[in-house]
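Worksheet: the structure to be examined is printed underneath.
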Amino acid sequence: MTMAFDPVLTMLPSAFFALLFGIAATHKLMAWRLFQQQVADYRVLPRFWNTPAAVAIPALEVLLALGWLAAATRPYAAGLSAVLLAAYAAAMDWNLAHGRDTIDCGCGGADGSQVIRSALVVRNLVLCVIATGLGLSTAFVPETGRMPGWIDWLTVFAGALVLQGLYVTTNQILANLPPQRVLD
């Protein structure tokens with residue numbers, strides 16, 4: 001007996017990741033000059049790479065958002081998403097280790113100022129693990145041959161909105177906390 005996933009079990013988290021990266025790219029593109037400064041503030045790249053990185057990151061996020069939507073590209077989008085999320089976590093962790101805990105994470109655009117903290121590193125690593133697991137499962141475990149019906153699409157749409165709402169709520173709670181050193 002071979003194992004197979006119901007298509008909704010891959011469509012729902014894929015829709016969430018598509019929303020996540022689509023919204024993230026939109027925030028960065030709508031306030032690109034601010035994002036360019038946020039990239040520079042991390043101090044993980046040589047100065048001459050800051051502007052190209054500020055262009056490449058939202059472009060990559062747009063491609064990832066689109067990649068999550070198609071079953072054929074989902075494993076690749078998942079793998080690249082995991083790498084990008086791990087890179088975000090590493091950049092935050094490096095800055096925290098160097099006592100730079102008051103820089104804006106770059107997560108929320110112009111309206112979503114949020115300083116980096118350990119919880120954001122953990123958040124990105126959790127998302128990285130989920131993306132990796134989903135990428136592996138979609139690459140190696142087939143979906144059932146069942147075609148999704150209207151109720152499946154409604155479930156995916158509503159579920160992705162709920163997951164995105166939980167993500168935004170969690171981020172807002174974290175944004176309202178004082179910087180990490182005040183908490184210690």
Side-chain angles (χ1 to χ4, degrees), residues 8-39 41-42 53-54 56-70 74 77-93 95-96 100-135 138 152-183:
V8 173
L9 294 177
T10 56
M11 290 166 51
L12 176 55
S14 297
F16 164 73
F17 276 108
L19 269 174
L20 177 73
F21 284 110
I23 291 169
T26 301
H27 284 158
K28 290 170 179 74
L29 292 170
M30 300 266 307
W32 188 77
R33 292 278 181 216
L34 173 64
F35 179 64
Q36 186 180 21
Q37 183 58 50
Q38 290 165 337
V39 170
D41 288 346
Y42 271 87
I57 290 169
L60 178 58
E61 288 178 340
V62 167
L63 292 174
L64 290 173
L66 295 172
W68 277 102
L69 296 176
R74 197 169 290 143
L80 286 174
S81 295
V83 169
L84 186 61
L85 289 162
Y88 290 164
M92 287 180 196
D93 194 47
N95 276 282
L96 289 171
R100 299 175 35 78
D101 62 350
T102 58
I103 63 173
D104 191 329
C105 73
C107 313
D111 297 331
S113 181
Q114 182 175 6
V115 296
I116 61 171
R117 61 183 74 247
S118 298
L120 294 176
V121 174
V122 171
R123 175 204 67 188
N124 284 348
L125 292 175
V126 167
L127 290 171
C128 175
V129 168
I130 293 169
T132 300
L134 192 59
T138 57
D152 296 319
W153 290 107
L154 180 62
T155 301
V156 168
F157 178 74
L161 289 179
V162 167
L163 290 174
Q164 186 64 32
L166 290 170
Y167 177 84
V168 168
T169 301
T170 302
N171 271 350
Q172 189 58 54
I173 290 168
L174 293 173
N176 291 340
L177 294 174
Q180 186 68 39
R181 67 183 132 134
V182 174
L183 296 175

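Side chains are part of it too, since the values below use all heavy atoms of this structure and drop only hydrogens, waters and symmetry mates.
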For the student: nearest non-hydrogen atoms of [X] and [Y], plus distance:
X	Y	answer
A53	P58	O-CD, 4.4 Å
A54	W32	O-NE1, 2.9 Å
G67	A77	C-CB, 3.5 Å
S118	L96	N-CD1, 3.5 Å
A131	S81	CB-CB, 4.3 Å
G159	L12	C-CD1, 3.3 Å

Approximate separation, where rounding is to 0.5 Å, of [X] [atom1] and [Y] [atom2]:
X	Y	atom1	atom2	result
Q114	Q172	CD	CD	8.0 Å
L69	F17	CG	CZ	13.0 Å
W153	M11	CH2	CE	3.5 Å
C107	R123	SG	CZ	4.5 Å
I116	Y88	CD1	OH	14.5 Å
T102	N95	OG1	CG	9.5 Å

Close side-chain approach of [X] and [Y], heavy atoms under 4.5 Å:
X	Y	value
L166	V162	yes
L19	L161	yes
L20	Q164	yes
Q37	D104	no
T10	L134	yes
F21	L85	yes
L63	L80	no

So, R74 and T138: side-chain donor and acceptor under 3.5 Å apart, yes or no? no

Give the ring-plane orientation class for F16 versus Y167, where under 30° counts as parallel, over 60° as perpendicular and anything between as tilted. perpendicular

